[in-house]
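The chains referred to below are lettered A, B, ... by the order of the sequence lines, with proteins before strands, and numbering in each begins at 1. On a predicted model such as this, the values are computed, not experimentally measured, just so you know.
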Number of protein chains: 2
Amino acid sequence: MARKKPKANSCDCQGVRRSRRRDAVLDAVLASGGHLSAEEVHREAKKKMPGIGIATVYRSLKCLCGCGKVAEFIPPDGVARYEAAGSRGHHDHLICTACGCFAEAVDPEIERLQERLAARHGFKLEGHRLEIYGLCARCAKKK
Amino acid sequence: MARKKPKANSCDCQGVRRSRRRDAVLDAVLASGGHLSAEEVHREAKKKMPGIGIATVYRSLKCLCGCGKVAEFIPPDGVARYEAAGSRGHHDHLICTACGCFAEAVDPEIERLQERLAARHGFKLEGHRLEIYGLCARCAKKK
DNA sequence: GCGAAAATGATAATCGTTATCATATGGCCA
DNA sequence: TGGCCATATGATAACGATTATCATTTTCGC
C-alpha cells in the first residue's frame, strides 16, 4: 500500500522540518497580494498563530525564499518586501516616486536583451532586477 | 563690473555654502573609479581632510547626490555605494554573485524598451535601476 | 572684521535584521 | 506508542549602516 502522501511541507529543503508557524508565514504571503514587509507578514501571520515572534517570521521568510516559494524584493528604501513566487513567475517593478505604489510588469524583449547584455560582458546570467521609477497614472494626473 | 566668479561650489543648491570637507568628499568620489561605500569615501577623504567625520561624509554625499554630482547605487546587500554622476552618464550594473565585483553596461535598446514599458502602464518615467546577477567571466571559469 | 546661517564632529539614537540561547516541538525509529 | 535528538521557536541582545542632536566652528555677504 502506498504510503499516504503527507501534507506538503512549506519548505522542503534538506533537513528542514515542517512547522505550523512557517506554514502560517507562507499562507500570509500567499493570501496577500504580495509586497508585504516582514513586519506586515508578522501581523498577518499572528492572525493564525497569535504567539509567533518576529524572529520566526524572518527565519521562515529566508527559508521560504531559499526553496523558491517566496521572492524577496528590496525597494530603494532598503526594507525587504516579500511576495509569492513561482505561481506568477518573474516580473519587474514599476515604482511610483510620489505615492510609493508598485505595479508589476514583464517585457519579454527586455528579458531577452538582458541575456544578450550579460553574454556580451562574459557574464553567466543568473537573474536580474529591474525597477522603473516614475509617476503612476494617478499621481501624474494630480500634478 | 561683473562680479568675480567664485570657485565652483561642489554643491550649488539653494542656501548651501562651500566647504572644504564637502569638496574633499566630492574629490574622493571623483578620483576613485566609483562604487565606494560611505566608509570607503570617508577613508579616502581623510587623506585630504584628516579630521573629517563620518557624519559629514554622509551629509556631503546626500547633498552631492541632491545636486546631481554624485550618484547613489544600492546593491542588494543594502549598503549604499557612490560614484561620479554626469560625466559618465547613466549605466546599469552587472553584479557577480560569487565575488561581488561590478561591471557597468548600457544597452540603448533596453533603455528604449523601458520607456515603452512605462508608457504602457501609464507611468511617467523618471528613471530606473537595472541589475543583472550572474557569474563574472573569471568566476564562471573557476567553477 | 561682524554676525547670521550653514557646516562640522562626536556621539547617541534609529531601525531593520540577525545572532544567541534556553526551551518547545516534530518526526523517525524501535 | 513513546523516546530521542535535531530542528524550530520566542525573547531579547547584538549588529551595522545611517540619521539626528547639539555645542562649536566655519563660511561669506556686508
Side-chain angles (χ1 to χ4, degrees), chain A residues 3-28 35-43 45-46 48-67 69-70 72-82, chain B residues 1-26 28 35-43 45-46 48-67 70 72-82:
Chain A
R3 179 189 297 274
K4 185 166 64 169
K5 189 177 170 189
K7 199 176 161 193
N9 188 336
S10 55
C11 177
D12 33 37
C13 314
Q14 171 70 27
V16 171
R17 289 182 184 158
R18 159 170 268 273
S19 88
R20 284 171 301 139
R21 342 266 163 134
R22 197 182 295 128
D23 288 352
V25 169
L26 178 58
D27 285 347
H35 299 144
L36 272 66
S37 67
E39 204 176 340
E40 286 163 348
V41 173
H42 186 207
R43 194 176 325 139
K46 270 200 282 198
K48 286 198 172 180
M49 285 279 129
I52 192 170
I54 187 70
T56 297
V57 171
Y58 274 105
R59 276 184 296 235
S60 297
L61 285 171
K62 184 179 283 193
C63 178
L64 293 165
C65 284
C67 62
K69 296 272 180 29
V70 167
E72 187 186 56
F73 156 54
I74 301 182
D77 70 2
V79 179
R81 292 181 169 274
Y82 301 88
Chain B
M1 178 173 119
R3 181 190 296 277
K4 186 166 64 169
K5 189 178 172 189
K7 197 176 159 193
N9 189 334
S10 54
C11 178
D12 33 37
C13 315
Q14 172 70 27
V16 172
R17 289 182 184 163
R18 157 170 267 273
S19 90
R20 285 172 299 139
R21 342 268 163 135
R22 197 183 295 130
D23 288 353
V25 169
L26 178 57
H35 298 144
L36 273 65
S37 67
E39 205 177 340
E40 287 163 347
V41 173
H42 185 207
R43 195 177 323 140
K46 271 201 280 196
K48 286 198 175 183
M49 285 279 131
I52 192 171
I54 187 70
T56 297
V57 171
Y58 275 105
R59 275 184 296 235
S60 298
L61 285 170
K62 183 178 283 192
C63 178
L64 293 164
C65 284
C67 62
V70 166
E72 187 186 56
F73 156 54
I74 301 183
D77 68 4
V79 179
R81 293 182 169 273
Y82 301 88

Identify each atom pair where a protein N or O and an N or O of nucleotides 2-5 of chain D are less than 3.5 Å apart, giving names and distance.
none

Can you tell me how far apart [atom1] ([X]) and [atom2] ([Y]) are? Round to the nearest 0.5 Å.
X	Y	atom1	atom2	value
A/K69	A/L26	NZ	CG	6.5 Å
A/I54	A/K46	CD1	NZ	8.0 Å
A/D23	A/R18	CG	CZ	4.0 Å
B/E40	B/R81	CD	CZ	5.0 Å
A/R21	A/I52	CZ	CD1	7.0 Å

Check: Is there a donor-acceptor pair closer than 3.5 Å between any side-chain N or O of A/R59 and the backbone N or O of A/R22?
Finding: no
Whole angstroms only, please: what is the [atom1]-[atom2] distance between [X] and [N]?
X	N	atom1	atom2	result
A/H42	C/dT17	NE2	P	13 Å
A/I54	D/dA11	CD1	C1'	13 Å
A/E40	C/dC15	CD	P	16 Å
A/D23	C/dG27	CG	P	9 Å
A/E72	C/dG16	CD	P	15 Å
A/M49	C/dG26	CE	C1'	14 Å
B/D77	D/dT18	CG	P	9 Å
A/R18	C/dG26	CZ	C1'	11 Å

Check: Can you find a pair of side-chain heavy atoms, one from B/V25 and one from B/V70, that are under 4.5 Å apart?
Finding: no
Check: Do the non-hydrogen side-chain atoms of A/M49 and A/T56 ever get within less than 4.5 Å of each other?
Finding: no
Checklist line | Heavy-atom closest contact (A/S37 atom, A/V79 atom, distance) | finding: CB-CG1, 4.4 Å
Next item on the list: Side chain of A/R21 only, please: which of D/dG10, C/dG16, C/dT8 is the nearest?
Entry: D/dG10
Quick check on [N]: is either OP1 or OP2 less than 4.0 Å from any side-chain nitrogen or oxygen of [X]?
X	N	value
B/R20	C/dA7	no
B/T56	C/dG9	yes
A/Y58	C/dT18	no
B/S19	C/dT8	yes

Checklist line | 5′-ward residue of the pair A/G53/B/V79 relative to DNA chain D | finding: A/G53
Tabulated below should be each protein N or O lying under 3.5 Å from an N or O of nucleotides 19-21 of chain C; please produce it.
| from | atom 1 | to | atom 2 | distance (Å) |
| --- | --- | --- | --- | --- |
| C/dT20 | O4 | A/R59 | NH1 | 3.4 |

